[in-house]
Amino acid sequence: MSSIKIECVLPENCQCGESPVWEEASSSLLFVDIPAKKVCRWDALSKQVQRMTVDAPVGSVALRQSGGYVATIGTKFCALNWEDQSVVVLAAVEKDKKNNRFNDGKVDPAGRYFAGTMAEETAPAVTERHQGSLYALFPDHHVEKYFDQVDISNGLDWSLDHKIFYYIDSLSYSVDAFDYDLLTGRISNRRSVYKLEKEEHIPDGMCIDTEGKLWVACYNGGRVIRLDPETGKRLQTVKLPVDKTTSCCFGGKDYSEMYVTCARAGLDPEALSRQPEAGGIFKITGLGVKGIPPYAYAG
């Protein structure tokens, strides 16, 4: 077993860092700071970070096959042109829900951009219940709604054979699975594959490794956990020096590094003095497993 090393590679002080995505072409990590309305790109080679400010809270960012990126901004699916910092709205949802915004999102293996909504928080992880829904933006820019009654729509990923869709509604304290039809994007047969234990706190962002195991960032739990979705067992816990771990992805030249985002919003001065790196971007090496490249939106 190689020794695990955890380092803060970017002291970004995100209010709520989220949605880390590795962009192989530029050796960069993309991520968002939701309440700061920023999309960021950190170059792992030069260590420089570029930031793009948008006009509403930004829940997630993803790669786009035709170039540039896509992001969920407010309750809109948008295309981002990094070069001129422009935003084009591709689709909008929930025009009737002024207090809602998108939260986490990810692209499926067929190039659809899945993302879910939630009511804006009154305090970190405190929100009006059952206000959110899960959607997908298809490559032709039409949107399909999958289900509603969601509290905090969060981590998503797909099994290696693309037949299972994994999903987290944070306040259910559960990692769920659906049967997945890659051809149509249809989901069915929802079930729980892991229930979080008390000290693990709130399940947030998630990614999958090349062995088909899930990695879940635990908000307020200061850790990422590795789960076997087939047995429902926790296989590994990696603790970080910050409490509000929000999401994780694999990156680096062979996807053997894990990047973890976190938040500092909601931490009092005493807590911040204990964890000065809160809101930074962390890199974990030595896990002994690799991830898979992210999928890019096909529209």
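- Inspection of the Thr261 and Ser247 side chains reveals no N or O donor paired with an N or O acceptor under 3.5 Å.
- Looking at Asp140 and Arg112, no side-chain N of the basic residue comes within less than 4.0 Å of a carboxylate O on the acidic one, giving no salt bridge.
- Remark: Arg190 engages Asp176 in a salt bridge, criterion side-chain N to carboxylate O under 4.0 Å.
- In terms of heavy-atom proximity, Leu134 sits nearest to Val150 at N-CG2, 4.5 Å.
- Side chain of Tyr297 to main chain of Ala79: no donor-acceptor pair is present (N/O by atom type, distance under 3.5 Å, no hydrogens or angles).
- Ring pair Phe114/Trp158 is perpendicular by interplanar angle, where above 60° counts as perpendicular and below 30° as parallel.
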(request) Under the salt bridge (charged side-chain N to carboxylate O under 4.0 Å, His left out) rule, what do Arg226 and Glu211 come out as? Steps first, then yes or no, please. (result) CA-CA 11 Å; Arg226 187 183 191 222; Glu211 296 172 12; 2.7 Å; yes

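- The OG atom of Ser170 lies 3.5 Å from the CG atom of Asn154; values are rounded to the nearest 0.5 Å.
- Ion pairing of Glu230 with Lys213 is absent here, as no side-chain N (NZ or NE/NH1/NH2) approaches a carboxylate O to less than 4.0 Å.
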(request) Determine, step by step, whether Arg234 and Glu200 satisfy the salt bridge (charged side-chain N to carboxylate O under 4.0 Å, His left out) criterion, reporting the C-alpha distance in whole Å, the side-chain angles of both residues, the deciding distance to 0.1 Å, and the verdict. (result) CA-CA 11 Å; Arg234 181 181 69 232; Glu200 291 167 347; 2.3 Å; yes

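- In terms of the side-chain contact (heavy atoms from CB on, under 4.5 Å) criterion, residue partners of Ala62 (sequence neighbours excluded) are, by chain and number, Val70, Val107, Tyr113.
- Ring geometry, Trp22 versus Tyr259: the interplanar angle falls under 30°, so the pair is classed parallel (tilted spans 30 to 60°).
- More than 12 non-hydrogen atoms from other residues, nucleotides or ligands lie less than 6.0 angstrom from NZ of Lys195.
- For Phe147 and Tyr167, the distance between ring centers is under 6.0 angstrom.
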(request) Using the side chain to side chain donor-acceptor pair (under 3.5 Å) rule, take Glu94 and Thr117 through it: C-alpha gap first, then chi angles, then the decisive distance, then the call. (result) CA-CA 9 Å; Glu94 299 186 3; Thr117 57; 2.8 Å; yes

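- At a cut-off of 3.5 Å, with distance as the only test, a side-chain donor of Ser192 or Ser174 sits close to an acceptor on the other residue.
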(request) Go through the steps for Asp243 and Gln275 under the test side chain to side chain donor-acceptor pair (under 3.5 Å), then give the verdict. (result) CA-CA 8 Å; Asp243 289 341; Gln275 42 187 308; 2.9 Å; yes

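- Judged purely by distance below 3.5 Å, without hydrogens or angles, the side chains of Asn189 and Asp179 pair a donor atom with an acceptor atom.
- A donor-acceptor contact closer than 3.5 angstrom is absent between the side chains of Asn81 and Tyr69.
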